[in-house]
Amino acid sequence: MVVCVYRATLIIYNAMSMQKIDPTVKKETIYIALFVIVLSMAMEAVFLIIGKWDLYVLFGNLLGGGFAVLNFFLMGLTLQSALKKEPEQAAASMKLSQTYRMFMLFIVAGVGLLVPVFNAVATIIPLFFPRIAIALRPLLDRNKKEEKEGEEEDAGEDDGV
Amino acid sequence: MLELAIGIMLGLCALGAGCAMIAGIGPGIGEGNAVAKACEAIGRQPESRSAVTTTMLMGCAVAETTGLYALVIAILLIFVAPGRFVDILLAAIK
């Protein structure tokens, strides 16, 4: 276990120190982080409404949400470095990275469940927030597209006048 | 007899957790294959790098959720279920 954590840390450190972060990875991570923050606030509100909010919920939310964003960022970094390699090497590095990230996830979820400082439910639920953010993405993209088309139409009418 | 029942229960929980984690293999293989194909696509059309990276990131995150579900089930089976099952068993005996 210790060896796996050490190797994961080493890989992350190497990935971060050796390469510049791709703007696409940065942009998508910010998008996911914003969504995680919004959904975390919604979750806290639900806990408040049902009367089960305490500091442990907040700590659990911070742990789960923070790790969800970190997991996505690390996946982006691996993807960025994998895209520069040969297809076979890229597939292998992605599989290895997924294994390490899954292991880290297991540790975080275990800590969230076993350490009484963290609320178990509030730790586990934020891990699924990136998935929700991705599911909602087409809706946002559609709105942006419609806005763009509206602007283009307006510009076309102005030119015609 | 009670110890045997509890032992079997704990063993089955651990076995179930192990079986659930088989689902963790799939996302790794899927992500690997997807990235390999993305590399080929970028090799053919380098100008589409940004679009391919965005799609890949989203696709990988979606694929990884499957493993996450399995992980949650496994964690529940390891940390939560045994205690509950033992409580139910003891309550049934009393």
Side-chain angles (χ1 to χ4, degrees), chain A residues 22-25 27-29 31-32 68 71-73 75-114 120-121 123-125 127-135 137-138 141, chain B residues 13-14 17-84:
Chain A
D22 195 89
T24 316
V25 174
K27 194 183 85 184
E28 296 305 328
T29 309
Y31 167 78
I32 293 290
N71 188 36
F72 187 85
F73 178 64
M75 190 179 68
L77 279 183
T78 315
L79 192 69
Q80 183 190 329
S81 65
L83 288 176
K84 290 173 190 160
K85 294 175 184 168
E86 290 294 308
E88 289 81 22
Q89 284 178 332
S93 73
M94 206 64 200
K95 282 175 200 167
L96 185 71
S97 152
Q98 205 265 346
T99 309
Y100 283 134
R101 278 183 291 115
M102 189 62 94
F103 193 76
M104 281 164 64
L105 206 62
F106 187 80
I107 292 171
V108 168
V111 166
L113 281 171
L114 291 178
V121 178
T123 309
I124 298 291
I125 291 177
L127 296 176
F128 294 100
F129 285 167
R131 175 72 180 85
I132 298 169
I134 293 162
R137 196 182 171 98
D141 284 351
Chain B
C13 282
C19 289
M21 281 316 291
I22 292 172
I25 299 169
I29 296 171
E31 278 177 24
N33 287 344
V35 172
K37 293 293 172 193
C39 287
E40 287 173 13
I42 289 173
R44 274 199 297 271
Q45 283 182 302
E47 69 275 6
S48 65
R49 185 188 174 90
S50 174
V52 170
T53 310
T54 305
T55 314
M56 279 304 307
L57 263 175
M58 295 300 153
C60 287
V62 170
E64 207 163 284
T65 318
T66 321
L68 208 62
Y69 294 139
L71 185 74
V72 170
I73 297 294
I75 284 170
L76 288 177
L77 276 173
I78 290 173
F79 296 118
V80 181
R84 294 272 169 90

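In what follows, every chain begins at residue 1, and chains take the letters A, B, ... in the order their sequences are listed. Note: hydrogens, waters and symmetry copies are ignored here, and every other heavy atom, side chains too, is used.
- One distance of note links CG of A/L105 with CD1 of B/I75; it measures 7.0 Å at 0.5 Å rounding.
- Taking CZ of A/F72 as the reference point, atom CG of A/L77 lies at 11.0 Å (rounded to 0.5 Å).
- For a residue to count as touching a neighbouring chain, one of its non-hydrogen atoms must lie under 4.5 Å from one of that chain's; by this rule A/L83 touches chain B with backbone and side chain alike.
- Looking at B/I25, neither its backbone nor its side chain comes within 4.5 Å of chain A, counting heavy atoms on both sides.
- With chain A as partner, the option from B/A74, B/C39, B/G67 having the largest number of non-hydrogen pairs under 4.5 angstrom is B/C39.
- Rounding to the nearest 0.5 Å gives a distance of 9.5 Å between CG of B/L71 and CG of B/L76.
- Here salt bridge (Lys or Arg N to Asp or Glu O under 4.0 Å) pairs that include residues 66-80 of chain B, with residues two or more places apart or in two chains, number zero.
- Heavy-atom pairs under 4.5 Å with chain B peak, among A/G110, A/A91, A/P87, at A/P87.
- Considering all non-hydrogen atoms of both residues, B/C13 and B/L77 come closest at CB-O, 3.6 Å.
- The most heavy-atom pairs under 4.5 Å with chain B, out of A/L114, A/I32, A/V25, come from A/L114.
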Which donor-acceptor pairs fall under 3.5 Å between chain B and chain A:
residue: B/E64; atom: OE1; partner: A/R101; partner atom: NH1; Å: 2.5
residue: B/E64; atom: OE1; partner: A/R101; partner atom: NH2; Å: 3.3
residue: B/E64; atom: OE2; partner: A/N71; partner atom: ND2; Å: 2.9
residue: B/E64; atom: OE2; partner: A/R101; partner atom: NH1; Å: 2.8

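- For residues 70-82 of chain B, there are no salt bridge (Lys or Arg N to Asp or Glu O under 4.0 Å) pairs, not counting sequence neighbours.
- When heavy atoms are compared at a cutoff of 4.5 Å, A/L113 approaches chain B solely by way of its side chain, counted from C-beta outward.
- Residues passing the side-chain contact (heavy atoms from CB on, under 4.5 Å) test with A/V111, sequence neighbours excluded: A/L63, A/I107, A/V115, A/F118.
- Interface check for chain A: of the options B/V62, B/V72, B/I42, the most heavy-atom pairs under 4.5 Å are formed by B/V62.
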